[in-house]
Amino acid sequence: MAAGTVASTCAWTWPNPVGKNDLREADVRFNIADFDFTRNPTSTCNGLYHDVLNTGTHEAGHVFGLGHVGSGHSNLTMYTKADRCEVKKRTLGKGDVMGLRSIY
């Protein structure tokens with residue numbers, strides 16, 4: 001995993017000629033070499049800490065076929081980055097849900 005990458009997801013699918021490909025297998029990897037993860041960030045959280053639930057929810061979005069969203073969508077779970085100790089993306093935003101509904 002590249003230095004500076006917090007986590008990464010690889011997904012393998014079967015082709016589906018009538019819609020989105022069917023998920024076959026997925027792996028999620030957290031970069032514990034460069035980052036520390038916590039489940040309970042506090043108001044004094046700093047350094048390399050990332051909330052494991054926040055990051056895990058984002059990576060689960062990739063497992064289910066969601067990609068990153070860019071500028072103007074920083075409140076969505078699938079936004080390209082999360083701040084250290086951030087917990088607001090533990091749950092999906094409306095745009096994340098709409099993306100999943102468009103797939104499933």
Side-chain angles (χ1 to χ4, degrees):
M1 184 177 306
T5 300
V6 176
S8 183
T9 297
C10 294
W12 294 269
T13 60
W14 280 305
N16 181 350
V18 295
K20 293 278 186 176
N21 290 343
D22 291 328
L23 180 65
R24 181 177 190 175
E25 180 181 339
D27 293 320
V28 175
R29 186 171 196 186
F30 290 79
N31 185 351
I32 60 173
D34 296 328
F35 297 96
D36 294 315
F37 291 89
T38 182
R39 188 172 172 211
N40 297 307
T42 63
S43 60
T44 59
C45 185
N46 58 31
L48 298 178
Y49 282 97
H50 284 269
D51 181 55
V52 70
L53 299 176
N54 202 69
T55 304
T57 302
H58 176 91
E59 295 305 318
H62 290 309
V63 169
F64 289 105
L66 294 178
H68 288 137
V69 296
S71 180
H73 301 286
S74 62
N75 285 328
L76 293 179
T77 299
M78 296 312 297
Y79 186 61
T80 55
K81 82 179 223 38
D83 294 325
R84 288 173 168 78
C85 307
E86 179 180 80
V87 297
K88 68 182 178 182
K89 295 174 184 163
R90 288 179 170 185
T91 58
L92 301 177
K94 183 177 180 181
D96 301 308
V97 172
M98 290 171 58
L100 285 171
R101 287 183 178 166
S102 74
I103 296 170
Y104 298 99

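For this chain, numbers begin at 1 and follow the sequence in order.
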**Student:** Starting from Y49, can I reach I32 by hopping between I/L/V/M/F/W/Y residues whose side chains sit under 4.5 Å apart?
**Tutor:** no
**Student:** Mark yes or no for whether D22, through its side chain, and W14, through its backbone, hold a donor-acceptor pair below 3.5 Å.
**Tutor:** no
**Student:** So with a 6.0 Å cut-off around CZ of F35, is the heavy-atom count from everything else above 12?
**Tutor:** yes
**Student:** Walk me through it: do H50 and F37 pass the test side chain to side chain contact (heavy atoms under 4.5 Å, CB included)?
**Tutor:** CA-CA 5 Å; H50 284 269; F37 291 89; 3.8 Å; yes
**Student:** Would you name the heavy atoms of D34 and A3 that are closest together and state the gap between them?
**Tutor:** OD2-CA, 3.4 Å
**Student:** For a quick test of reading the model, state the closest non-hydrogen atom pair linking A7 to T55 and the distance between them.
**Tutor:** CB-CG2, 3.7 Å
**Student:** Please identify each residue that fulfils side chain to side chain donor-acceptor pair (under 3.5 Å) with T9, with sequence neighbours left out.
**Tutor:** E59
**Student:** Kindly indicate whether the side chain of F64, heavy atoms from C-beta on, has any atom under 4.5 Å from the side chain of I103.
**Tutor:** no
**Student:** Please report the interatomic distance OG1(T91) to CG(L53), rounded to the nearest 0.5 Å.
**Tutor:** 11.0 Å
**Student:** Scan K88, K94, K89 and name whichever one has a side-chain hydrogen bond (donor to acceptor under 3.5 Å, both in side chains) with N75.
**Tutor:** K88
**Student:** Say whether, by atom type as modelled, one donor and one acceptor occur between the side chain of S102 and the main chain of G99 under 3.5 angstrom.
**Tutor:** yes
**Student:** Can you find a heavy atom in the side chain of D96 that is under 4.5 Å from one in the side chain of T57?
**Tutor:** no
**Student:** Which heavy atom of G4 sits nearest to which heavy atom of N31, and what is that distance?
**Tutor:** N-ND2, 4.3 Å
**Student:** Around atom CE of M98, are there more than 12 heavy atoms of other residues, nucleotides or ligands at under 6.0 Å?
**Tutor:** no
**Student:** Would you sort out whether T77 and L66 count as a side chain to side chain contact (heavy atoms under 4.5 Å, CB included), showing the intermediate values?
**Tutor:** CA-CA 10 Å; T77 299; L66 294 178; over 6 Å; no
**Student:** How close do M1 and T5 get, heavy atom to heavy atom, and via which atoms?
**Tutor:** SD-O, 3.6 Å
**Student:** Who are the side chain to side chain contact (heavy atoms under 4.5 Å, CB included) partners of V87, not counting sequence neighbours?
**Tutor:** P41, D51, R90
**Student:** Do H58 and H68 have their ring centres less than 6.0 Å from each other?
**Tutor:** yes
**Student:** To the nearest 0.5 Å, what is the distance between SG (C10) and CZ (R29)?
**Tutor:** 9.5 Å
